[in-house]
Amino acid sequence: VNGFERFASRFFLFCFFLIIYVCIYDIFMRNKARIIAALPMCIFVSFIIAVIYSFFEIGGGFLQIGWMRDAMFMVDQFIHPQPFVFRLRSICLEPSMFGIYASLVLPWLLYLVKHPKSYVKFTCLFLIFCLFVMVMLTLSRQTYVIFFFEFMILAYIYRSLFYKYKCYL
């Protein structure tokens, strides 16, 4: 399997997840269910779990801190079939899959930045910074490409909304 085939399969997987997200969003909006307000918080909590695990993976795997490495290996045997490979995988099986997960989490974190409470806003900004660090530590070219295009699309959407409503979102 060459790099292009892997990139194509990951790209189609990303598109599939994106379609699922849009369909779920559409279902919730049609029913006017209150659960749609809980969806960003559920994604937020899942990302907190990924950040905590990545903290141990960075400390134990990259920095070789003894107690963090032991804790990581104790949990890692249930999550990853292969040992640590000096590329951040977090809660996913391989770094490129974590990139897909991270690319789906980023818009929801950006959505939560608009929260009226300042501590939620600062927490989300800190988590976005953590997300960028984690993405850089995956060393996955596919993840870098997906994030580049995602930023281009999000910047275009933000710019068009800014010019349409003449205000910051």
Side-chain angles (χ1 to χ4, degrees), residues 1 3 5-18 20-21 24-25 35-154:
V1 178
E5 290 173 351
R6 289 188 67 184
F7 174 77
S9 68
R10 299 297 186 261
F11 181 75
F12 288 123
L13 184 65
F14 170 75
C15 291
F16 174 74
F17 284 142
L18 189 63
I20 296 297
Y21 269 139
I24 291 171
Y25 179 80
I35 200 161
I36 191 66
L39 186 61
M41 198 52 65
C42 291
I43 293 172
F44 179 77
V45 170
S46 77
F47 186 64
I48 293 292
I49 293 169
V51 167
I52 291 170
Y53 182 80
S54 297
F55 175 73
F56 282 97
E57 194 170 15
I58 291 168
F62 289 102
L63 302 177
Q64 295 295 316
I65 298 172
W67 67 273
M68 293 179 101
R69 184 179 61 237
D70 295 339
M72 183 190 72
F73 285 136
M74 188 173 63
V75 175
D76 212 21
Q77 63 186 347
F78 300 108
I79 298 175
H80 300 114
Q82 297 134 355
F84 181 73
V85 291
F86 288 103
R87 293 174 66 190
L88 188 81
R89 300 178 293 188
S90 189
I91 55 175
C92 299
L93 288 178
E94 61 181 43
S96 58
M97 287 183 182
F98 176 74
I100 293 171
Y101 170 76
S103 66
L104 294 174
V105 167
L106 179 65
W108 292 101
L109 286 175
L110 291 173
Y111 170 76
L112 286 174
V113 168
K114 292 177 20 179
H115 200 278
K117 296 181 180 172
S118 62
Y119 71 89
V120 174
K121 197 176 294 192
F122 290 122
T123 303
C124 287
L125 289 173
F126 175 72
L127 289 175
I128 290 171
F129 173 75
C130 290
L131 179 71
F132 286 119
V133 170
M134 290 162 54
V135 164
M136 289 298 134
L137 290 175
T138 63
L139 304 176
S140 171
R141 294 170 295 186
Q142 297 165 352
T143 302
Y144 297 159
V145 170
I146 288 173
F147 258 73
F148 174 75
F149 284 118
E150 184 177 24
F151 271 114
M152 298 298 283
I153 291 169
L154 289 174

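In this chain, numbering begins with 1 at the start of the sequence shown.
- Residues Val113 and Leu109 have side chains not in contact (no heavy-atom distance under 4.5 Å, counting atoms from C-beta outward).
- Looking at Phe47 and Val51, their side chains come closer than 4.5 Å, going by heavy atoms from C-beta outward.
- Counting heavy atoms from C-beta on, the side chains of Thr138 and Arg87 never come closer than 4.5 Å.
- The number of heavy atoms from other shown groups lying within 6.0 Å of CZ (Phe62) is above 12.
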Given side chain to side chain contact (heavy atoms under 4.5 Å, CB included), test Phe56 with Phe73 step by step and report yes or no. CA-CA 10 Å; Phe56 282 97; Phe73 285 136; over 6 Å; no

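- Closest approach of Ala102 to Leu131, counting heavy atoms only: CB-CD1, 3.4 Å.
- A donor-acceptor contact closer than 3.5 angstrom links the side chains of Tyr101 and Ser46.
- A 4.5 Å side-chain heavy-atom check between Ser140 and Glu94 finds every atom pair outside the cut-off.
- Within the 4.5 Å cutoff, no side-chain heavy atoms of Phe98 are placed close to those of Leu137.
- For the pair Tyr53 (side chain) and Arg89 (backbone), a donor-acceptor distance under 3.5 Å is absent.
- By the 6.0 Å contact criterion, OH on Tyr144 is enclosed, its count of non-hydrogen atoms from other residues, nucleotides or ligands being greater than 12.
- In plain terms, the two heavy atoms of Ser96 and Gln142 that are nearest each other are CB-OE1, 3.1 Å.
- To the nearest 0.5 Å, atom CG of residue Leu125 and atom CG of residue Leu110 are 9.0 Å apart.
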Test log, rule side chain to side chain contact (heavy atoms under 4.5 Å, CB included), inputs Leu106 and Phe147: CA-CA 9 Å; Leu106 179 65; Phe147 258 73; 4.0 Å; yes

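- Within the 3.5 Å criterion, the main-chain N or O of Ala50 finds a donor-acceptor partner in the side chain of Ser90.
- Taking every heavy atom of both residues into account, Met134 and Ser54 meet most closely at CE-OG, 3.3 Å.
- To the nearest 0.5 Å, the span separating CD1 on Ile146 from CG on Leu104 amounts to 9.0 Å.
- Two residues are said to be in side-chain contact when any heavy atoms from C-beta on lie closer than 4.5 Å; Phe86 and Leu139 fail this criterion.
- Relative orientation of the Phe151 and Phe132 rings is parallel, given thresholds of 30° and 60° on the angle between their planes.
- Across all their heavy atoms, Tyr119 and Thr123 have their closest contact at O-OG1, 2.6 Å.
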Tell me, with the steps shown, if Val105 and Leu127 meet side chain to side chain contact (heavy atoms under 4.5 Å, CB included). CA-CA 10 Å; Val105 167; Leu127 289 175; over 6 Å; no

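- Nearest heavy-atom pair, Phe14 versus Ser103, reported as atom, atom and distance to 0.1 Å: CE1-OG, 3.2 Å.
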